[in-house]
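Scroll down for the structure; my scribbles are underneath it.
A, B, ... follow the sequence lines: proteins, then strands. Residue 1 opens every chain. If you're wondering where the values come from, they're calculated on a predicted model, not measured in any experiment.
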Amino acid sequence: MKLHFDVPGDDFTRAGEASGQVKQKMKQLGFPADVVRKVSIALYEGEINMVIHAGGGEVDVDIDPHCISLLLTDHGPGIEDVSLAMQDGWSTAPDHVRNLGFGAGMGLPNMKKYSDEMEIESTVGVGTTVRMKIFNP
Amino acid sequence: MEYLDADLLYGEELLDHEVHTACGSDMMSDVLAFVKDQAVLLTGLINPQSIRTAEMMDMTCIVFVRGKEPAPAVVELAEEKGICVLRTQHPMFAACGILYSHGLRGGGHI
């Protein structure tokens, strides 16, 4: 099953809508709770990142019985140093984002932690693509 | 609810649900990173992302501390997600301490 979502960049309150819908769909399909949670959290952090840093983007989800693939695409400023961005606590988020409960530098590390495979392609000035896979053993 | 002297903002029918674990944080990524199987989230963050974080973590109850009043849309989102919402005048540290002294535990590990 393939699902597509546009993540609006101008409305922080809506970040997480795609994750919520994917979670609901996976529950209906009978996936185990721990797999559903891994997908939900990884995608949720991705959505938040797209809204905070990139002015929104697009999410494509491919739900297969044994593997859930997440593709997050944005046309934001890109990530200058991906390995630095992957470090716990590293953040370029402005203070107002921290007041919203994010920007602690845990977004990408959390996505890595909850996905079984993750790849980031980013070009400064062009955008960022994140691919994640979560397996259902 | 009684121990925290809390107001119920949503979830009368959810109050019978038994919980054993909780966590307290204003940083949602910390909740998403370090928490496992907690049922209650104590937070001073009253925007919709507190509800969504609880949703992603399968939490059943949110307690807003320091007497903070969430916007009606935030309570409506909790209703949509089936998450009980309480509000207490206690600050975070005190609210966590009260629940801990009555048997709730962290339940998470790094």
Side-chain (B:Arg52) to main-chain (A:Gly20) donor-acceptor, under 3.5 angstrom: no

Main-chain N/O of A:Arg37 paired to B:Asp58 side chain as donor or acceptor, under 3.5 Å: no

Distance-minimising heavy-atom pair for [X] and [Y]:
X: A:Arg14; Y: B:Gln49; result: N-NE2, 4.5 Å
X: A:Gly107; Y: B:Ser29; result: N-OG, 4.4 Å
X: B:Leu45; Y: A:Gly101; result: CD1-N, 3.7 Å
X: B:Met28; Y: A:Phe102; result: CB-CZ, 3.4 Å

Hphob cluster co-occupancy, A:Val97 + A:Trp90, side-chain heavy atoms under 4.5 angstrom: no

Verify same cluster id: B:Val63, B:Met27 (apolar side-chain graph, 4.5 Å):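 In one cluster: no.
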
Around atom [atom1] of [X], are there more than 12 heavy atoms from other residues, nucleotides or ligands closer than 6.0 Å?
X: A:His4; atom1: NE2; result: yes
X: B:Glu13; atom1: CD; result: yes
X: A:Lys112; atom1: NZ; result: no
X: B:Asp5; atom1: CG; result: no
X: B:Lys68; atom1: NZ; result: yes
X: A:Phe135; atom1: CZ; result: yes
X: B:Glu12; atom1: CD; result: no

Closest-packed option against chain B by number of heavy-atom pairs under 4.5 Å, given A:Gln24, A:Lys23, A:Arg98: A:Lys23

Chain B contacts, top residue of A:Leu100, A:Val39, A:Asp88, A:Val36 (heavy-atom pairs, under 4.5 Å):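 Among the listed options, the one with the most contacts to chain B is A:Leu100.
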
At what distance, to the nearest 0.5 angstrom, does [atom1] of [X] lie from [atom2] of [Y]?
X: A:Met106; Y: B:Leu32; atom1: CE; atom2: CG; answer: 9.5 Å
X: B:Glu55; Y: A:Ser40; atom1: CD; atom2: OG; answer: 7.5 Å
X: B:Met56; Y: A:Ser19; atom1: CE; atom2: OG; answer: 4.5 Å

Toward chain B, the part of A:Leu43 with a non-hydrogen atom under 4.5 Å: neither

Interface moiety of A:Asn99 toward chain B, non-hydrogen atoms closer than 4.5 Å: backbone

Chain A contact via B:Thr53 - side chain, backbone, both or neither, heavy atoms under 4.5 Å: both

